[in-house]
Every structure is written in structure tokens, then in C-alpha cells.
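First comes the structure, then the notes that go with it.
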Amino acid sequence: MAVIIDGKAVAKQLRAELAQQVAQMAPAPGLDVVLVGEDPASQVYVRGKIKACKEIGIRSREHRLPGQTTERELLDLLAQLNADKSVHGILVQLPLPGHIDERRILSAVLPQKDVDAFHPENVGRIVSGDYLLAPCTPAGILELLDRYDIPIEGRHCVVVGRSNIVGKPQAILMLHRNATVSIAHSRTADLGGLTRQADILVAATGRAHLIGADMVKPGAVVIDAGITRGESGKLVGDVDFEAVAPKASHITPVPGGVGPMTIAMLMKNTVLAAQLAKK
Ligand code: NDP
């Protein structure tokens with residue numbers, strides 16, 4: 001039976017470490033979260049982020065804008081936040097309403113305040129290996145591997161999913177850690193043939209139970225970033241946990257694996273951004 005990687009406990013530990021760091025910082029780091037529209041899932045995420053800020057001692061402000069806010073109005077708010085020295089981190093909650101160009105908005109956040117690390121300058125820095133702020137979910141996965149002393153160098157990491165927020169940056173970050181990386185996606189011809197070669201398998205597709213036991217090499221480390229809501233409202237991962245756990249060496253559950261790390265890493269990025277602002 002695999003070691004179950006306890007993301008909830010690691011995230012708690014990380015938040016405690018950050019709280020200690022923040023207690024010594026003056027002024028305290030500040031995070032501004034911008035939410036446009038009424039998407040219920042986004043409201044839940046934003047609440048979680050604000051709650052984590054409070055717990056750690058990060059000052060937070062929430063900017064709730066109506067769904068019909070124009071791109072210009074949102075750009076004006078971002079310009080204000082960019083210029084405000086008390087704002088260290090800016091997060092625009094995605095998805096944005098369809099009439100707003102997401103790329104234009106993400107490009108308007110000052111790169112050194114961009115705690116999601118989605119600005120093209122930060123993306124470029126991540127690719128070239130010259131970065132401080134890394135996207136929260138992939139960085140959280142590395143943090144989990146590190147805290148469980150799971151070696152990355154020289155191992156074959158297969159990342160299933162190639163989105164800009166999870167799969168692609170995950171693959172790049174693993175490459176910087178000297179893994180041999182393969183990226184799979186919906187057009188990959190023989191997904192199982194590839195995943196069975198993985199020493200570390202990261203699933204980030206949003207396809208419930210896509211990864212079954214027959215797709216995993218015995219002794220592999222299996223990380224599940226996927227979150228889908230099942231019929232009963234229960235959260236389900238990309239990995240069939242019950243089937244895969246007996247075969248893996250380590251595995252993350254859903255919920256309680258990768259999910260809690262994402263917010264903890266956002267807090268870490270906010271602290272980093274506040275330190276950057278001082279330089
Ligand atoms: P996207 O929908 O943007 O990307 C999904 C990726 O999975 C795509 O690259 C897609 O391939 C690939 N994919 C879809 N179906 C298959 C398949 N059958 N076989 C192989 N690859 C497939 O999702 P995100 O990257 O934004 O999110 C992925 C999952 O992670 C979601 O469940 C999301 O909820 C979760 N997530 C969790 C977070 C957390 O905090 N834990 C944070 C962010 C996301 P293609 O490119 O070819 O379409």
C-alpha cells in the first residue's frame with residue numbers, strides 16, 4: 001500500500017512557517033484579490049484565499065466587481081493596484097466573463113505583483129529558469145515531493161495535461177529539477193503505454209478516474225491534481241485512488257492532496273512578492 005501524501009498537513013505546516021515569517025515583516029504583506037461576476041465556485045475559492053491570508057497575517061482586500069464590468073474598468077483597477085505600494089500581490093480570479101480578454105488582463109498585472117505567475121514575463125522567466133514566482137499548483141506539487149523526500153532528478157516524470165496553469169508549467173518545473181519529462185494530452189496515441197513508464201506520474205486533466213491501476217508502473221509516485229465534482233457532489237480526482245494506491249509507492253488523495261497546497265503556495269508567493277517589493 002502506498003504512502004498517502006497528506007497535502008492538508010503539509011499545507012498547514014507551510015502556513016505556520018509563513019505566519020512566523022510574516023510576523024517579522026513590516027509592513028505586513030498585502031494581497032488584493034479581484035473577482036468579476038458571480039461564479040459560485042470562484043466565490044468559494046476567493047473566500048478560501050482571504051481566510052488563509054487572515055490566518056497567516058497577510059493583509060487582504062477583496063474587489064468584487066459586477067459581471068457586466070468592462071475590460072477598461074478592470075484595467076483601470078489593475079493600474080491603481082499596480083501603483084499602490086501597500087499592495088504586494090494581485091490576483092485576478094479566473095475565469096473572467098466572456099466579454100473580457102483574459103490574456104490582456106493577465107498581462108496588465110505588474111509582473112512582480114503577479115502571485116499567480118501567469119503574466120507572459122513570468123511565464124518566460126519560468127521557461128528560462130530565472131524565476132521567483134511560480135504558478136501555485138505545480139509549485140505546490142514540487143513542495144509535496146520535496147517534503148516527502150521524493151527524488152526528482154533523473155527520474156521519468158509523465159505529466160498528463162498541458163494547460164498553461166498546471167500541466168505545462170509542471171513539466172517545465174520538473175525539467176529544471178533534472179527530471180526526464182514527457183507531456184501527455186488528449187491526442188496522445190497510447191496514454192497507458194506512456195504513463196506505465198512514469199516514475200512520477202502527475203495527472204492534471206479534470207477527467208474523473210482517467211488513470212486506472214493498469215496505467216501505473218508498480219512503485220510509481222502518483223500525484224493527482226484533478227478535481228471533478230461527482231454525481232453525489234463528492235470531489236473526484238483524475239486517478240482511481242482505490243485501484244492505484246496498492247500499486248504506487250506514494251499517492252495523493254482527492255480531496256486533501258494537491259488542492260490545499262495551491263492556496264498555501266499563493267500565500268508563499270505573496271510573501272515573496274512583498275520581499276521583492278523591498279529590493
Ligand atoms: P484544462 O481543462 O485547461 O486542461 C486539461 C488538460 O488535460 C488538457 O491539456 C487536455 O488535453 C488534457 N486531457 C483532457 N482529457 C484527456 C484525456 N482523456 N487524456 C489525456 N489528456 C487529457 O484543465 P486545468 O489544467 O486547468 O486543470 C486540470 C485539473 O486540475 C482540473 O480538474 C482542475 O479542476 C484541476 N485544478 C486543480 C487545482 C488545485 O488547486 N488542485 C488548480 C487548478 C486546476 P488537450 O490539451 O489536448 O485538450
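Just follow the structure's listing: the first ligand is 1, and inside any ligand the first atom is 1. As a basis for the values below, the full set of heavy atoms in this structure was taken, side chains included, without hydrogen atoms, waters or symmetry mates.
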Region of Thr137 engaging ligand 1 - heavy atom pairs below 4.0 Å: side chain
Exam field: side chain Lys247 to backbone Val216, donor-acceptor pair closer than 3.5 Å: yes
Heavy-atom pair of closest approach, residues Pro253 and Ile5: CD-O, 3.1 Å
Element-labelled atoms of ligand 1 that are located less than 4.0 Å from some non-hydrogen atom of Val160: 20 (C), 21 (N)
Proximity to ligand 1 by part of Thr228, non-hydrogen separation under 4.0 Å: neither
His88 side chain to Thr270 side chain, donor-acceptor N/O pair below 3.5 angstrom: no
Pairwise side-chain contact, Ile165 with Pro135, heavy-atom cut-off 4.5 Å (strictly under): no
Nearest neighbour of atom 8 (C) of ligand 1 from the list Arg162, His185, Arg187, on a heavy-atom basis: Arg162
Between OG1 on residue Thr70 and CG on residue Asp76, distance to nearest 0.5 Å: 7.5 Å
Within-cut-off N or O pair, Ile227 and ligand 1, under 3.5 Å: yes
Gln20 atom CD, neighbour heavy-atom count above 12 within 6.0 Å: no
Residue Thr262 vicinity, atoms of ligand 1 by number, heavy atom under 4.0 Å: 39 (C), 40 (O), 41 (N)
Enumerated ligand 1 atoms positioned under 4.0 Å from heavy atoms of Ile165: 26 (O)
Residue Val166 vicinity, atoms of ligand 1 by number, heavy atom under 4.0 Å: 25 (O), 43 (C), 44 (C)
Residue portion contacting ligand 1 (non-hydrogen atoms closer than 4.0 Å) for Asp238: neither
Under 3.5 Å side-chain donor-acceptor pair for Gln21 and Glu17: no
Pair Asp84 + Arg61, salt bridge at N-O below 4.0 Å: yes
Val239 to His209 - nearest heavy-atom pair and separation: O-CD2, 3.3 Å
Test item, Gly259 contacting ligand 1 (heavy atom, 4.0 angstrom): yes
Close-contact set for ligand 1 against Gly226 heavy atoms, below 4.0 Å: 29 (C), 30 (O), 32 (O)
Non-hydrogen side-chain atoms of Leu18 and Lys268 separated by less than 4.5 Å: yes
For atom 2 (O) of ligand 1, the protein heavy atom that lies nearest, with its residue and separation: Thr205 O, 4.5 Å
Nearest neighbour of atom 25 (O) of ligand 1 from the list Ser163, Ala184, Gly48, Gly257, on a heavy-atom basis: Ser163
Contact atoms of ligand 1, heavy-atom distance to Ala225 under 4.0 Å: 30 (O), 35 (C), 36 (N), 37 (C), 41 (N)
Minimum-distance protein heavy atom relative to atom 11 (O) of ligand 1: Ser186 N, 3.2 Å
Closest protein heavy atom to atom 18 (N) of ligand 1, given as residue, atom name and distance to 0.1 Å: Leu210 CD1, 3.7 Å
Closest protein heavy atom to atom 31 (C) of ligand 1, given as residue, atom name and distance to 0.1 Å: Gly206 CA, 3.7 Å
Ala204 heavy atom under 4.0 Å from ligand 1: yes
Linked, directly or transitively: Ile223 and Val244 (ILVMFWY side chains, under 4.5 Å): no
